[in-house]
Amino acid sequence: MHHVTTHGYQEMGSPPFAELMAEAGANLKRGLRVTGHRGEHGDLLHLTREDWLAGSALALDDFGAQMSRNLGSERLVVGLPCPDELFVAGADSGWAEVIHEQVLGSEYDTTELVPCVVLLEPGGMRLLAERQA
C-alpha cells in the first residue's frame, strides 16, 4: 500500500491527480481482451485479461461509453462471475437473463465484489444482484 500513502505520493514527485488517474486507467486497460459474440440473444462482449483481474475494467471512466458504442445500447448489463472476466450485453437483450443466471450460478467463491450483476446506464451504475455467502 506504499503507493497510496502520502509519503509514497511525495516520493513520486506529487504528480497532479489527473496524471495518476490517467496512469491507473492505462494500467487497467493493459492486456485487456474483448471478444464479441453474436447470436440469437443479440450481441455479447466477454472481457478477459492476459494476467488476471479483468473485472477491474468496470472502474474505467470510459467503460460504459465504450461498451455502449460497441453494443449499440445505452443500458448495459454487466456480469462479473469472478474477478478475471466480465460479460456485457444490452440490458434489453436476450443475454440479460442468461448473464444473471450464469453469474449467480458461478462456481467462484463469494467475495466482496463477485459474483455480481450490475446495470450501467448513462446516469450511473446500480447493483442488480449478488450472490450471498
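This is a predicted model, so every value here is computed, not measured.
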Going through the distances and angles, do Val88 and Val34 end up as a side chain to side chain contact (heavy atoms under 4.5 Å, CB included)? CA-CA 10 Å; Val88 186; Val34 181; over 6 Å; no

Counting C-beta onward and ignoring hydrogens, is there a side-chain heavy-atom pair between Val103 and Cys116 closer than 4.5 Å? no

Under 30°, 30 to 60°, or over 60°: which ring-plane class applies to His37 and His46, parallel, tilted or perpendicular? tilted

In the single-linkage hydrophobic clustering (I, L, V, M, F, W, Y; side-chain heavy atoms under 4.5 Å), do Leu80 and Leu104 co-cluster? no

Side chain proximity check, Leu60 to Gln66, heavy atoms < 4.5 angstrom: no

Group every Ile, Leu, Val, Met, Phe, Trp and Tyr by side-chain heavy-atom contacts under 4.5 Å, then state whether Trp52 and Phe63 land in the same group. no

Any link between Leu119 and Leu71 through a network of hydrophobic side chains (Ile, Leu, Val, Met, Phe, Trp, Tyr) touching at under 4.5 Å? no

Checking the side chain of Asp84 only, and the main-chain atoms of Leu53 only, is there a donor and an acceptor separated by less than 3.5 Å? yes

Let me know which of Leu76, Val78, Leu86 forms a side-chain contact (heavy atoms from CB on, under 4.5 Å) with Met67. Leu76

With no hydrogens and no angle check, is any side-chain donor or acceptor of Ser68 less than 3.5 Å from a backbone partner on Ser73? yes

pair His100-Val77: side-chain heavy atoms closer than 4.5 Å: no

Would you mind reporting whether Ile99 and Leu44 have side-chain heavy atoms less than 4.5 Å apart? yes

Does CD belonging to Glu121 count more than 12 external heavy atoms closer than 6.0 Å? yes

How many angstroms lie between atom CZ of Arg131 and atom CG of Asp109, to the nearest 0.5 angstrom? 7.5 Å

